[in-house]
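To start, the structure itself, in structure tokens.
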Amino acid sequence: MGEEKFGKDGIPFKNRELSWMDFNMRVLEEAMSRNNPVMERLKFLSITASNLDEFFMIRVAEAMDKKLTKPDNKDASGLKPKQLLELLTDKIHKFYGKQYSCFLNQILPSLEKTGIKFLKWDDLNLEQINYVEDYFEKVIFPVLTPLAVDTGRPFPFLSNKSLNIAVEFEKDDESLFGIVQVPSILPRYREIPSLRGKSYILLENIIMGELSRLFELNGIKSSCTFRIIRNSDIEIDERAQNLLTEIEKSIKKRKRGDLVRLEIGDKTSKGIKKFLVNMLGVGKKEIYEAKGPIDLTFLSKFYNEEGSNRFKFGKLRQVSPPADFVGCKDIFEAIREKDRMIYHPFESFDWVTKFVQAAAEDENVLAIKQVLYRVSGNSPIIAALIKAAENGKQVTVLVELRARFDEENNIGWAKKLEKAGCHVIYGLAGLKAHCKVLLIVRRENDCIRRYIHFGTGNYNDTTAKFYTDIGIFTCKEKFGRDASSLFNSLTGYSGLPEYNELIVAPLGMREFFEKMIKNEAENARCGLPSGIVIKINAIVDNKIIKELYKASQAGVDIKLIVRGICCLIPGVRGYSENISVMSIVGRFLEHSRIFYFENGGNPKIYMGSADLMPRNLDRRVEILFPVDDMDLRERTVNILNILLNDTKNARIQDNDGKYRRVEQRGKPLNSQMELFKLFNSLNKDKKKSTFADNIKIFKPQSADDIEESIR
């Protein structure tokens, strides 16, 4: 059974889970690419493994649940849960095989050429065996707990993502079994003495080599590593009186969810395999046999091994100060002069942090209000907010506790902010606050001025080093009024505000997009200039896709830069001939959201926090803000232009839903590196030149023209 092109509504529509797997395959292609340094390839591989874990914990788990509870319900792509799981399982098993082929046949040989080796117990020489045995005796052995499984000792509960070793014994012609959990508190790998280069051994290989020390009374017949993944989509009672307490309870349940995947070694004995299947109640298709070490996410830590920098991408120094702040001594004065933009990681995120730090120390600042979705483990933003509260400012922070897999981190920060005297909002019933906004209220010359930062990404100084996101600073009164109205609606019982400039979900954003797309279609029918360029992470929403198809049929040229999931299928006759879809997967994770509408020759440009997904449009608080400063509009248009002409990291989606690399003719263009060069050149130009002086302004083209210009 193949993937269907047309969904249940009779329009071209690709299933979102299958599309996500295509995205993860594009990341795996970067791990396979010999053009990337070996440590970067290793990192890309670890990302695919981490991505796949989360995909199982949420999306595969949901599909398995629907197979039981809603077996006849079709999704937007026209697939029933059973059909989807069959397609998905087949695709994941093939992907899993490619991951290990990449690791064993490409990455390990490349590492060996650099002098780095991963050894197994049987590979060790006498000196190495002595070293490993000493390490086992002093460090590993004291924390291990061997568990026999028999009539008096039941199979232990194994937590989500835990790595374990199953052991089979032979006693009186009868098989007995035991379990040893590989301790997560110890490093997954250990460097060992080596005559040449560097040699490492994995923790589980050390333990398996010393199993006889743990089970002395029985002869060991066989052993293998295994790992389980559980359903981790926690359910939260939005009616609970205390959202913080409710989420803390739900996090504990996550570790005990139903099993959705069992990973075992491909050389696992029949006895152990049968034992695990019986004990865990897992189906045949839920078993994934690894031809190498289970759980490749450990490679992300190995990426940071000392001495590995020479096998990575060359270091790029972020532009600081950003081009828009060159020569500016006072950040508030700079924003009063004109709107300012920062595009990180090309420009340093530090200036967002400095904005909050300046507000914390400024005696004229009266209040700071901010929405936080994901922040780093040692966040300077949080530190600045705490300092502001200690300095007597009114600090109000909405910390979204339901940011998936960041719940515990956010709970910790929320408690610290409260302890410092900040007013903390935990979230809104039924809605996640996903918008990126910071409001600073300042007293100036007997009046009040509001300074605002709007962003497309999180206030996270760590991810800002490798996520591409844009932030705009402004103190225009129209934005100040809207920002205040937004925070009043988030923190109080105020009525639904009417916004002057902001577009806010869940009330108004869907209608706005539909209106703007219909407007482009009408302009095309009337012979007026029309065109749409959208850069997002995902497009899933069925209704928005329908409107884009209608606009295409009306003759609107539509260019979509969609990093991840794309349920829209371009180039389908009668539907999407005028739509092109590009995905850029490179050194940095493309995360910014930009929306360009030609609007009859008077372009409108917006940025924001939302992707075109039902959850963003209907179940989250999101904002879309217009870019109305002329310099920033020119800059944004040129950013889009550079991205659209990428021939290095871009893939084009064909009308069969598959992706192909852009055919390169002439000098290849890496959009991310091109943007780095551009911002460096602008930073050096103390005249504060605009992008218009450096690059040709983008003009809407037909889909055919785009293909030709890219080639």
Side-chain angles (χ1 to χ4, degrees), residues 24-53 95-129 131-132 135 140 163 182 184 186-209 224-225 227 263 265-267 288-316 466 585-589 648-649:
N24 212 26
M25 186 64 221
R26 296 195 291 277
V27 181
L28 183 58
E29 287 173 0
E30 294 299 313
M32 296 175 175
S33 175
R34 297 185 185 279
N35 293 325
N36 292 327
V38 63
M39 295 302 287
E40 301 295 347
R41 295 170 65 188
L42 179 146
K43 184 178 180 180
F44 278 117
L45 182 59
S46 75
I47 291 171
T48 69
S50 177
N51 284 349
L52 193 62
D53 283 351
F95 178 84
Y96 197 72
K98 289 178 181 178
Q99 281 182 308
Y100 280 95
S101 175
C102 174
F103 180 69
L104 296 173
N105 302 326
Q106 298 182 43
I107 289 179
L108 283 185
S110 296
L111 284 174
E112 287 192 19
K113 289 180 180 178
T114 69
I116 297 173
K117 289 184 178 181
F118 278 93
L119 303 178
K120 296 181 181 178
W121 186 271
D122 292 340
D123 301 323
L124 304 182
N125 59 37
L126 183 59
E127 181 189 6
Q128 291 169 334
I129 289 176
Y131 177 88
V132 168
Y135 179 66
I140 303 175
L163 183 63
V182 178
S184 59
L186 297 179
R188 179 71 187 279
Y189 55 87
R190 179 75 178 179
E191 185 176 357
I192 57 178
S194 181
L195 294 176
R196 294 180 181 178
K198 290 190 173 186
S199 294
Y200 298 86
I201 187 169
L202 293 176
L203 180 60
E204 61 267 30
N205 286 336
I206 298 176
I207 298 171
M208 291 172 74
C224 78
T225 53
R227 179 173 179 256
E263 294 176 273
D266 67 328
K267 295 181 180 178
Y288 290 78
E289 297 187 3
K291 292 186 177 181
I294 291 174
D295 186 12
L296 295 173
T297 61
F298 81 89
L299 296 172
S300 64
K301 290 186 178 178
F302 190 75
Y303 172 84
N304 292 315
E305 272 295 288
E306 185 178 349
S308 64
N309 286 342
R310 57 199 175 110
F311 307 119
K312 298 179 182 179
F313 289 130
K315 191 171 183 179
L316 295 171
F466 53 92
V585 178
R587 177 170 180 171
F588 305 112
L589 185 138
K648 185 72 173 177
N649 298 319

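Just so you know, these numbers use all the heavy atoms, side chains as well, and skip hydrogens, waters and symmetry mates.
Side-chain contact between Met25 and Lys98 is present, with at least one heavy-atom pair separated by less than 4.5 Å. Here the side chains of Phe313 and Pro37 are in contact, with some heavy-atom distance below 4.5 Å. Within the 4.5 Å cutoff, side-chain heavy atoms of Met32 are placed close to those of Gln106. The shortest distance between side-chain heavy atoms of Ile116 and Glu305 does not fall below 4.5 Å. Between Leu124 and Ile192, some side-chain heavy-atom pair lies under the 4.5 Å cut-off. Contact of the Glu263 side chain with the Leu163 side chain is not registered, since no non-hydrogen atoms from C-beta on lie closer than 4.5 Å.
A cation-pi arrangement is absent between Lys291 and Tyr100 under the rule of less than 6.0 angstrom and at most 45 degrees off the ring axis. For Arg190 and Tyr200, the positive end is not near the middle of the six-membered ring at less than 6.0 Å and at most 45° from its axis. A cation-pi arrangement is present between Lys43 and Phe466 under the rule of less than 6.0 angstrom and at most 45 degrees off the ring axis.
When all heavy atoms of Phe302 and Met39 are compared, the closest pair comes out as O-CE, 3.4 Å. Minimum heavy-atom separation, Val38 to Ile107: CG2-O, 4.1 Å. The two residues Arg41 and Arg34 make their nearest non-hydrogen contact at NH1-CA, 4.1 Å. Between Ala290 and Ile294, the shortest heavy-atom contact is CB-CG1, 3.9 Å. Of all heavy-atom pairs spanning Asn205 and Trp121, the tightest one is O-CE3, 4.0 Å. Closest approach of Pro293 and Leu202 over heavy atoms only: CB-CD1, 3.4 Å.
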> Run the side chain to side chain contact (heavy atoms under 4.5 Å, CB included) check on Asn649 and Arg26 step by step: do they pass?
Replying inline: CA-CA 10 Å; Asn649 298 319; Arg26 296 195 291 277; over 6 Å; no
>> Would Ser46 and Leu296 count as a side chain to side chain contact (heavy atoms under 4.5 Å, CB included) here? Give the steps.
In response: CA-CA 6 Å; Ser46 75; Leu296 295 173; 5.8 Å; no
>> With side chain to side chain contact (heavy atoms under 4.5 Å, CB included) as the criterion, how do Val585 and Glu30 come out once you've worked through the C-alpha distance, each side chain's angles and the decisive distance to 0.1 Å?
In response: CA-CA 8 Å; Val585 178; Glu30 294 299 313; 3.9 Å; yes
> Are Leu111 and Phe118 close enough, and set up right, to give a side chain to side chain contact (heavy atoms under 4.5 Å, CB included), and what steps lead you there?
Replying inline: CA-CA 9 Å; Leu111 284 174; Phe118 278 93; 4.2 Å; yes
>> I'd like to know whether Thr48 forms a side-chain hydrogen bond (donor to acceptor under 3.5 Å, both in side chains) with Gln99, so could you lay out the CA-CA distance, the side-chain angles of the two residues, the decisive distance to 0.1 Å, and finally the verdict.
In response: CA-CA 8 Å; Thr48 69; Gln99 281 182 308; 2.9 Å; yes
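Residues meeting the side-chain contact (heavy atoms from CB on, under 4.5 Å) test with Asp123, sequence neighbours left out: Leu119, Lys120. Every side-chain contact (heavy atoms from CB on, under 4.5 Å) that Leu589 has, sequence neighbours left out, goes to Tyr467, Arg563, His591. Residues meeting the side-chain contact (heavy atoms from CB on, under 4.5 Å) test with Ala31, sequence neighbours left out: Leu28, Phe44, Leu45, Cys102.
In this structure a side-chain-to-backbone donor-acceptor pair under 3.5 Å is missing from Ser199 to Ser194. Between the Gln128 side chain and the Pro193 main chain, a donor and an acceptor come within less than 3.5 Å of each other. In this structure, Lys301 contributes its side chain and Pro187 its backbone to no donor-acceptor pair below 3.5 Å.
Between Tyr96 and Tyr288, the distance from one ring center to the other falls under 6.0 angstrom.
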